[in-house]
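Predicted model, so just to flag it, every value in this text is computed and none were measured.
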Amino acid sequence: MTRPISRRDFVRTGAAAGVAAALPVPLAGAPAVIVRSAARPVVIASGNGNHIRNGGPMAAVETAFRRMTAGADVLDAIIAGVNLNELDPADSSVGYGGLPNAEGVVSLDASVMHGPRRRAGGVAALEGVRTPSLVARAVMESTDHHLLVGENAQRFARQMGFTIEDDLNTPESRRLWLEWKRRTDPARYPDPATRAQAGHEAGLQMVAEGLIDAHHYYGTINCNAINAAGDICGCTTTSGLAWKIPGRVGDSPVLGAGLYVDNAVGAAGSTGRGEANLYNLTSYLIVENLRRGMSPRDAGMEGLKRIVQNTVERRLLNERGTPNFGIQFYVLNARGEHAGVSLYPGGTYAVCDENGPRDEPLVPLLQGRA
């Protein structure tokens with residue numbers, strides 16, 4: 001004998017059936033779909049995002065987190081954070097006092113991406129402006145373009161009211177450039193190819209001697225963040241490769257390379273050898289890996305594997321047949337989960353959440369040293 005159903009049971013059963021009917025039926029072979037839920041607010045950055053303070057009490061990740069959780073736009077909060085690195089000459093990989101190019105000129109690159117607005121902007125080979133991240137945001141907000149370069153990027157910055165300085169070198173960055181020039185005297189290396197190789201080797205020797213921070217040789221700060229509403233933004237800013245050929249632009253201002261943001265999925269950015277990243281558009285690849293359901297760590301590792309797979313030139317390989325350079329990625333998904341990955345062991349990335357700012361170890365793909 002069946003038990004009579006009560007009104008309460010009827011309502012409960014009917015509601016459950018309604019919810020089940022509303023759920024999409026997965027298709028065979030369909031790709032993973034990211035389902036948005038409440039995000040955990042967090043800011044992540046390269047390691048210098050937790051150590052450079054420009055004379056103040058907080059570094060980039062804590063500055064960005066505090067502003068973001070107080071209600072500021074996520075990108076505005078991030079830029080306020082990286083401005084500390086751009087303005088502090090103690091960080092010789094970014095902004096004012098960044099290590100100059102082969103002619104002794106500080107040349108800066110930056111990009112920004114605003115996930116909710118689906119907007120982006122960037123500048124490359126910009127001279128005379130200490131905060132290229134702010135100029136990149138002005139490109140995003142005031143033009144229909146994504147990237148302005150060289151003299152015309154500077155002209156745009158002047159028109160937008162930015163102060164243009166004749167020289168962004170500090171006494172220390174100029175001293176290091178002069179030391180590099182002394183080691184690569186053109187009279188001793190008249191052949192351009194020999195001179196280029198000598199310049200590269202001299203730079204690495206200065207790193208080995210402790211004259212240049214290893215992380216500052218390639219430069220850069222990347223910073224990505226998500227707020228409680230799930231808004232994701234990112235910024236990458238750099239003075240680029242130390243002693244680079246004038247006109248060289250690396251990955252930092254290029255969307256999909258130095259930075260990529262998809263508000264429905266996550267963000268990724270990089271530091272390290274820009275040419276390796278540009279060839280693979282690795283930040284875009286990592287975000288697409290997130291879209292397919294990978295964790296931030298696994299998505300980043302797959303990006304590094306692609307770089308290793310495509311590094312085949314002998315000059316870029318060590319005696320073990322693996323890349324003789326370093327590169328790192330900082331990965332954030334739409335739930336606020338994050339990871340930092342690198343080709344080789346060593347180094348940290350910066351994190352700030354409700355537990356405060358801290359360093360977390362980068363997870364290496366390979367063992368040994370570059």
Side-chain angles (χ1 to χ4, degrees), residues 32 34-50 59-65 67-69 72-79 81-82 111-118 120 220-237 252 255-271 277 282-304 327-342 347-363:
I34 301 295
V35 179
R36 296 299 295 266
S37 59
R40 174 172 166 262
V42 65
V43 179
I44 68 169
S46 45
N48 49 351
N50 195 32
V61 288
E62 185 175 7
T63 298
F65 184 80
R67 290 185 178 229
M68 179 180 75
T69 53
D73 175 81
V74 177
L75 183 57
D76 289 349
I78 289 172
I79 291 175
V82 302
S111 62
V112 299
M113 294 190 74
H114 197 290
R117 294 171 59 190
R118 275 68 170 178
T220 314
I221 179 171
N222 165 251
C223 187
N224 308 309
I226 184 171
N227 66 9
D231 297 334
I232 307 172
C233 297
C235 174
T236 301
T237 177
S252 295
L255 306 184
L259 175 69
Y260 196 71
V261 175
D262 186 317
N263 206 60
V265 180
S270 69
T271 59
N277 191 10
T282 322
S283 289
Y284 174 79
L285 173 64
I286 290 170
V287 172
E288 289 304 295
N289 288 338
L290 294 176
R291 191 188 310 278
R292 289 192 287 270
M294 288 188 184
S295 70
R297 173 175 170 167
D298 290 346
M301 286 298 189
E302 285 300 309
L304 290 173
I327 191 166
Q328 304 80 35
F329 291 93
Y330 314 96
V331 189
L332 174 69
N333 70 14
R335 292 182 291 274
E337 300 164 339
H338 53 84
V341 300
S342 63
T348 60
Y349 72 107
V351 179
C352 190
D353 54 21
E354 70 276 9
N355 297 314
R358 62 189 181 277
D359 295 335
E360 295 200 3
L362 294 169
V363 180

query = Can you find a heavy atom in the side chain of I79 that is under 4.5 Å from one in the side chain of V112?
reply = yes
message = The test is side-chain contact (heavy atoms from CB on, under 4.5 Å); show your working for M301 and V363 and say whether it passes.
response = CA-CA 9 Å; M301 286 298 189; V363 180; 3.2 Å; yes
query = Is there a side-chain contact between Q328 and V341, using heavy atoms and a 4.5 Å cut-off?
reply = no
message = Would you say that T63 contacts F65 through its side chain, given a criterion of any heavy-atom pair below 4.5 Å between the two side chains?
response = no
message = So which atom in V42 and which in H338 form the shortest heavy-atom distance, rounded to 0.1 Å?
response = CG2-CD2, 4.0 Å
message = Measuring from atom CD1 of I327 to atom CZ of F329, what distance do you get when rounded to the nearest 0.5 angstrom?
response = 4.0 Å
task = Would you mind reporting whether I286 and E302 have side-chain heavy atoms less than 4.5 Å apart?
result = no
task = Please lay out, stage by stage, how H114 and R118 fare under the test side-chain contact (heavy atoms from CB on, under 4.5 Å).
result = CA-CA 6 Å; H114 197 290; R118 275 68 170 178; over 6 Å; no
Inter-residue atom distance D353.CG - T69.OG1, 0.5 Å rounding = 10.5 Å
remark   = Taking every heavy atom of S252 against every heavy atom of S111, the minimum-distance pair comes out as O-OG, 2.7 Å
request  = Please confirm whether the backbone N or O of T220 pairs with a side-chain atom of N48, one donor and one acceptor, at under 3.5 Å?
outcome  = yes
query = In chain order, what residues pass the side-chain contact (heavy atoms from CB on, under 4.5 Å) check against E62, with sequence neighbours excluded?
reply = M58, R66, C352, P357
key: Closest non-hydrogen atom pair between P41 and A228, with its separation   = CG-N, 3.7 Å
query = What's the shortest heavy-atom distance between I78 and C233, and which atoms?
reply = CD1-O, 3.3 Å
ask   = Are any of the side-chain nitrogens in D73 or R67 under 4.0 Å away from the carboxylate oxygens of its partner?
value = no
message = So, taking the atom named CZ in R40 and the one named CG in L332, what distance separates them when rounded to the nearest 0.5 Å?
response = 10.0 Å
task = Could you tell me which non-hydrogen atom of N50 sits nearest to which non-hydrogen atom of R358, and how far apart they are?
result = ND2-C, 3.5 Å
inquiry  = If I take atom CD1 from residue I221 and atom OG1 from residue T236, how far apart are they, to the nearest 0.5 angstrom?
reply    = 9.0 Å
ask   = Minimum heavy-atom separation for S46 to A350, with atom names?
value = O-CB, 3.6 Å
inquiry  = Looking at R297 and E337, is any side-chain nitrogen of the basic one under 4.0 Å from a carboxylate oxygen of the acidic one?
reply    = no
task = Test side-chain contact (heavy atoms from CB on, under 4.5 Å) on N263 and D231 and set out the steps.
result = CA-CA 6 Å; N263 206 60; D231 297 334; 4.2 Å; yes
task = Take V74 and I232, measure what side-chain contact (heavy atoms from CB on, under 4.5 Å) needs, and give me the verdict at the end.
result = CA-CA 7 Å; V74 177; I232 307 172; over 6 Å; no
query = Among side-chain atoms of Y330 and T271, is any donor-acceptor pair under 3.5 angstrom?
reply = yes
ask   = Rounded to the nearest 0.5 Å, what separation is found between the CG atom of L259 and the CG atom of N277?
value = 10.5 Å
request  = Can you measure from OH (Y260) to CG (N224) and round to the nearest 0.5 angstrom?
outcome  = 13.5 Å
